[in-house]
Enquirer: 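Can you read through this structure? Questions will come right after.
Computation of the quantities below employed the complete heavy-atom set of this structure, encompassing side-chain atoms and omitting hydrogens, waters and symmetry-equivalent molecules. Quick note on labels: first sequence line is chain A, next is B, and so on, each numbered from 1.
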Amino acid sequence: MSGEPFTWLTGEPDQVAPRLLGALVSTSRDGGVVTVRITEVEAYGGFDDEASHACAGPTRRNQPMFGPPGTVYVYLSHGLHHCLNVTTGTAGEPGAVLIRAGEVVEGIPLARARRGGRDRDLARGPGRLGQCLALSLDDTGTMLGHGVAIRAPAVPAGEVLRGPRVGVRRAADRPWRYWLAGDTTVSGYRRHPRVDSGPGLV
DNA sequence: ATGTGGATCATCT
DNA sequence: GATGATCCACATT
């Protein structure tokens, strides 16, 4: 009961990120369960990661990133999209993994009602995934296992590829995006229209 | 297939 | 008052 329930999430975000591939995220809302099998993730670090929300230190929004592993961090993107992160690292050492895409494996009718469009695209992208799971800002700061649950993959994921992160302006080339090779639910790579020149890899 | 621009709002300076 | 870890629609090749 007591102790560290989320040891599998403890460690550097880029080490933990691939462990989330194949894991099952679910919410139970509006009288139905929706479960997504994760196929794409992105790691975000702390003060040394220019692309991370935690880079400039703790604020009201990013507070959950400084919490213990297994903390849910949801942020609102462009006023429209609720994006899901899971905190990694250790308390006081900011780090998180953004759940970027997945395949809906349970509650497809409910996911369709919330999203529409092709089944393959239901959770293809962080905003769409958040909409599928009916996330809101009320989820941020909660612990996994309450509103949002994640089951670790029964077996380690198959072939994992990695590459630069999607849509970030700073540190755009740090290869901290991980996905399952050949999976059709992985989102398309989009580079930020105005990437800052600079270190990128450090 | 690829590229541009608009929507929309919580958060931070 | 500016910004953005996005998505969709529409335009052009």
Enquirer: Any donor-acceptor pair under 3.5 Å linking the side chain of A:Asn62 with the backbone of A:His53?
Expert: yes
Enquirer: For atom CD of A:Glu106, decide whether the heavy atoms of other residues, nucleotides or ligands shown that lie under 6.0 angstrom number more than 12.
Expert: yes
Enquirer: With a 4.0 Å limit, can you tell me whether A:Arg128 has a side-chain N or O closer than that to the phosphate oxygens OP1/OP2 of C:dC8?
Expert: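 The answer is yes; a side-chain N or O of A:Arg128 sits under 4.0 Å from OP1 or OP2.
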Enquirer: Among A:Thr35, A:Leu129, A:Leu84, which one satisfies side chain to side chain contact (heavy atoms under 4.5 Å, CB included) with A:Val25?
Expert: A:Leu84
Enquirer: Looking at A:Glu93, I'd like to know if its CD atom is crowded, meaning that more than 12 non-hydrogen atoms belonging to other residues, nucleotides or ligands lie closer than 6.0 Å.
Expert: no
Enquirer: Between C1' on B:dG5 and CZ on A:Arg190, what's the gap in Å once rounded to a whole number?
Expert: 15 Å
Enquirer: Would you say C:dT6 has OP1 or OP2 under 4.0 Å from some side-chain N or O of A:Arg100?
Expert: yes
Enquirer: Where the side chain of A:Pro126 is concerned, which of C:dC7, C:dA5, C:dC8 is the nearest nucleotide?
Expert: C:dC7
Enquirer: Only one of A:Arg124, A:Arg100, A:Glu40 forms a side chain to side chain contact (heavy atoms under 4.5 Å, CB included) with A:Val186, so which one is it?
Expert: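 Only one of A:Arg124, A:Arg100, A:Glu40 forms a side chain to side chain contact (heavy atoms under 4.5 Å, CB included) with A:Val186, namely A:Glu40.
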Enquirer: Grab the OH-C1' distance between A:Tyr75 and C:dG4 for me, whole Å please.
Expert: 9 Å
Enquirer: A:Leu135 CG to C:dT6 C1': how many Å, rounded?
Expert: 14 Å
Enquirer: Quick one: A:Arg191 CZ to B:dT4 P, roughly how many Å, whole number?
Expert: 14 Å
Enquirer: Would you say the side-chain atoms of A:Glu103 and A:Thr185 include a donor-acceptor pair closer than 3.5 Å?
Expert: no
Enquirer: Among A:Val72, A:Leu144, A:Val36, A:Leu24, exactly one meets side chain to side chain contact (heavy atoms under 4.5 Å, CB included) together with A:Ile150. Which residue is that?
Expert: A:Leu144
Enquirer: Can you tell me how far P of B:dT2 sits from OH of A:Tyr189, to the nearest Å?
Expert: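 In whole Å, B:dT2 P and A:Tyr189 OH are 14 Å from each other.
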Enquirer: Decide if atom CZ of A:Arg151 counts as having more than 12 heavy atoms of other residues, nucleotides or ligands within a radius under 6.0 Å.
Expert: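 No, because the 6.0 Å sphere around CZ of A:Arg151 holds 12 heavy atoms or fewer from other groups.
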Enquirer: Let me know the distance between CZ of A:Arg114 and C1' of C:dC7, rounded to the nearest Å.
Expert: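 Atom CZ in A:Arg114 sits about 19 Å away from atom C1' in C:dC7.
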Enquirer: Just call it for A:His53: base, sugar-phosphate, or nothing, with non-hydrogen atoms closer than 4.0 Å on any strand.
Expert: base
Enquirer: Please step through side chain to side chain contact (heavy atoms under 4.5 Å, CB included) for the pair A:Asn85 and A:Met65, ending with a clear verdict.
Expert: CA-CA 9 Å; A:Asn85 297 253; A:Met65 283 191 73; 6.0 Å; no
Enquirer: Give the rounded distance in Å between these two atoms: CZ of A:Arg115 and P of C:dT6.
Expert: 15 Å
Enquirer: Rounded to whole angstroms, how far apart are CZ on A:Arg174 and C1' on C:dA5?
Expert: 13 Å
Enquirer: Sugar-phosphate means primed atoms, P, OP1 and OP2; the rest is base. With that split, encode nucleotides 6-13 of chain B 5' to 3' as B, S or - using protein heavy atoms under 4.0 Å.
Expert: -BBBSSS-
Enquirer: Dot-bracket for DNA chain B, please, read 5' to 3', with Watson-Crick or G-U wobble pairs under 3.5 Å on both distances, ( ) within the strand, [ ] crossing, | other strand, . unpaired.
Expert: |||||||.||||.
